[in-house]
Amino acid sequence: MRILAIGDIIGKPGRKALREFLPELKEEIAYDVVIANVENVAGGFGLTKKVYEELIDIGIDVMTSGNHIWDKKEIHQFIEETENLLRPANYPEGVPGRGYGIFKKNGVKFAVINLMGRVFMDCNLENPFKVFDRIYEEVSKDTNLVIVDFHAEATSEKWAFGIYVDGRASLVYGTHTHVPTADEFILRKGTGYVSDVGMTGVWYSAIGMKPKEPIEKFLTGLPRRFEVEDKGEIVLNAILVDLDEATGKTKSIERIKRFL
Ligand SMILES: [Fe+2]
Ligand SMILES: [Fe+2]
């Protein structure tokens, strides 16, 4: 099964890049499944119902997310009704939405698990390593294709997690920093790994935002309202991963970078 995994999509420019590139990539590389992180997709902060429907229309099969998924109030109303949307699985019990699921495409079943790291993250979360163990035990009864979006800040936590799940998860890729890392590997026991896929949005920006306000914030220490950078060249960052359906291991992993 060929997976195209896209990291954090930033606002309208990010959506524009998907509309533009997905048909082209589908033609060129014939991927089976697209997974994308949608925590910044509506105006840079969160997800609305309208944008959720737009992403389904664009052809995203499974949406993962992270800390920003709660930024638009309406998410609380519709997250329970969505079929393709995940939020980190290690939020405490009672938080709306779900953190993992088993999906099916072209007759092949695969599991996607969304987890969030705890290092430098301002969240009251359960231990993502232990939550993985719990979920893995359940989903591995149904499929040996297990994909994890590990939404986290620290590369040390991401690498430790990758090695912890090596041979169990088929693929672990990081999101949240918006910056792609050049450490894509197939780990010793067959898990595909990269610390961060990177964002899809305007590249000459403060990780997708107009730089003026973040710079002011860094200069003064005062809070500022950030806005999505909508002018300039857009970059699409993704990974293309071939999973072996018989063994559940990664056969190949490569980074993709396109400009619009
Ligand atoms: Fe993000
Ligand atoms: Fe995030």
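Indexing begins at 1, ligand by ligand and atom by atom, following the structure's order. Everything numeric here is computed off the predicted structure, so don't read it as measured data.
- At least one cation-pi condition fails for Lys72 and Phe45: the charged atom is not both under 6.0 angstrom from the six-membered ring centre and inside a 45 degree cone around its axis.
- Using a cut-off of 2.8 Å, one finds that His176 contributes an N/O/S atom close to the Fe ion (ligand 2).
- Among the backbone and side-chain atoms of Asn67, an N/O/S atom is found under 2.8 Å from the Fe ion (ligand 2).
- Taking the charged nitrogens against the carboxylate oxygens, Arg188 and Asp166 have no contact shorter than 4.0 Å, which rules out a salt bridge.
- A salt bridge is defined here as a Lys NZ or Arg NE, NH1 or NH2 lying under 4.0 Å from an Asp or Glu carboxylate O, and Lys49 with Glu53 meets this definition.
- The two residues Phe129 and Glu157 make their nearest non-hydrogen contact at CZ-O, 4.1 Å.
- Under 4.0 Å is where a charged nitrogen must lie from a carboxylate oxygen, and between Asp32 and Lys105 no such pair does.
- Around the Fe ion (ligand 1), the angle linking His178 (NE2) with Asp8 (OD2) is 90°, rounded to 10 degrees.
- Of all the N, O or S atoms in Glu39, the one closest to the Fe ion (ligand 2) is OE2.
- For a distance bound of 2.8 Å, the N, O or S atoms of Thr177 include none lying that close to the Fe ion (ligand 1).
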